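Bear in mind the structure is a predicted one, so any value in this text is a computation, not a measurement.
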2 protein chains.
Amino acid sequence: MGEKEKIHNLSDLIIEFYEKLSSWEHSIVASSGITLQQMHTIEILGVHNPVKMKDLAGKMGITTGTLTVLIDNLEKKDLVNRIPNPDDRRSIVIVLTEKGREHYRLHSQYHRDLTAECVAGFSASDIDSFSKYLKKVVDTI
Amino acid sequence: MGEKEKIHNLSDLIIEFYEKLSSWEHSIVASSGITLQQMHTIEILGVHNPVKMKDLAGKMGITTGTLTVLIDNLEKKDLVNRIPNPDDRRSIVIVLTEKGREHYRLHSQYHRDLTAECVAGFSASDIDSFSKYLKKVVDTI
DNA sequence: CCCATATTGTTTGAATATCAAACAATATGG
DNA sequence: CCATATTGTTTGATATTCAAACAATATGGG
């Protein structure tokens, strides 16, 4: 297999991986009482907490207008809070509430369970190698 | 690092990979004249073509009701066609039009370009290993 | 062969998500 | 001091999402 073919093959695998993870997310989130996009938001807030609207919108690839209404709905469900930014009165930061953190922990656990299942047949050094390659890819995107 | 920590680390990397790929998709699709979900549909049809509504909805993790309206919009834009299933008069299959295939080819090329960029520092055997690991993960989800 | 049950895709209403554009409040820098 | 830029919000139009109800058709058991 030439290098171009290797890259085509890998590209197809990445797409398939993304599709399947999307479908898995859909089915996992369906029973959580919040929407896919709301869970998506909580996933990011679980790692970047607190975060400014502009930055959060950037991470999600949506406009701040869209995010404003999304945060409205999450606030209504007591999953996040808007906190004034002491350094900039135009600006606010978004934080997870305790309930929001609970959603994040639960969802994280589902992800870890899925990951464990995916690498069940891997050796410890396989996992290390895969993580190393994935880290490089993630650092590039 | 214990095995549990390796899995947690890998899980976090998978989530981050998914988030970044989502954002990248958003920005790529923004200039294409169709929505993210419409491009998502074309991506799947590029590989599974033709496909039944029920099966396509399953792959996308949405209901057939949602898919019906999505396909209405894609048909309106002349990107797909509905074809009667000769074996089952209740059933139809969805196919990409020539214009739809063109969207698919273009989008695929963007994916390949991104993939090439991501593995620019990889050796040929690195790519083989990464593909092997990813294949196993994809086959498990 | 008949008919009860299941399946496929569609329609509909309500809620959520999306964008671009316009806006108010505030920050910045010349 | 003031022109310009930035941040988040609001709004209207469109898209996406679900569940429920429906019509047309397929299936399988009696």
- prompt: When rounded to the nearest 0.5 angstrom, what is the spacing between CG in B:Leu10 and NE2 in A:His111?
  reply: 12.0 Å

message: Show every salt bridge (charged side-chain N to carboxylate O under 4.0 Å, His left out) that has at least one partner inside residues 95-110 of chain B, sequence neighbours left out.
response: B:Glu98-B:Arg101, B:Glu98-B:Arg105, B:Glu102-B:Arg105

- request: State plainly whether one hydrophobic cluster holds both A:Val93 and A:Leu45, where clusters connect Ile, Leu, Val, Met, Phe, Trp and Tyr through side-chain heavy atoms under 4.5 angstrom apart.
  value: no

message: Using a 4.0 Å cut-off to any heavy atom of chain B, which nucleotides of DNA chain D are the first and last in contact, reading 5' to 3'?
response: D:dA15 to D:dA26

message: For the aromatic rings, using the six-membered ring if either is Trp, is the centroid distance between B:Phe17 and A:Tyr18 under 6.0 Å?
response: no

- line: Numerically ordered, the residues 61-71 of chain B set in heavy-atom contact under 4.0 Å with DNA chain D is B:Gly61, B:Ile62, B:Thr63, B:Thr66, B:Leu70

field: Main-chain N/O of B:Lys54 paired with B:Thr64 side-chain donor or acceptor, under 3.5 Å
entry: no

- line: A:Met39 CE to C:dA17 P, in whole Å, measures 13 Å

Any side-chain heavy-atom pair of B:Thr63 and B:Thr66 under 4.5 Å: yes

- prompt: Reckon B:Asn85 touches a base, only the sugar-phosphate, or nothing at all at heavy-atom distances under 4.0 Å?
  reply: nothing

task: Indicate yes or no: does A:Lys20 engage B:Asp139 in a salt bridge with an N to O separation below 4.0 Å.
output: no

query: If Ile, Leu, Val, Met, Phe, Trp and Tyr residues are connected whenever their side-chain heavy atoms lie under 4.5 Å apart, and connections chain through other members, are A:Val51 and A:Ile83 in the same group?
result: no

task: Report yes if the side chains of A:Lys6 and B:Val119 come closer than 4.5 Å at any heavy-atom pair, otherwise no.
output: no

task: Answer with yes or no whether the hydrophobic clustering places B:Ile42 together with B:Leu67; edges join I, L, V, M, F, W, Y residues whose side-chain heavy atoms lie under 4.5 Å apart.
output: yes

- prompt: Is B:Leu106 reachable from B:Val80 through a run of hydrophobic residues whose side-chain heavy atoms are each under 4.5 Å from the next?
  reply: no

message: Taking the side chain as everything from C-beta on, heavy atoms only, tell me whether A:Phe130 gets closer than 4.5 Å to B:Leu134.
response: yes

- prompt: What integer distance in Å separates A:Asn73:CG from C:dA14:C1'?
  reply: 13 Å

message: Return whichever of A:Asp55 or B:Asp88 has its heavy-atom-nearest nucleotide of DNA chain D closer to the 5' end.
response: A:Asp55

field: side-chain contact (heavy atoms from CB on, under 4.5 Å) against B:Ile44, all qualifying residues, sequence neighbours excluded
entry: A:Glu19, B:His48, B:Leu56, B:Lys59, B:Met60

task: List in numerical order all residues of residues 24-37 of chain A for which some heavy atom is under 4.0 Å away from an atom belonging to DNA chain D.
output: none

query: So what is the end-to-end bend of the helix from C:dC1-D:dG30 to C:dG30-D:dC1, with 5 pairs used at each end and the value given to 10 degrees?
result: 30°

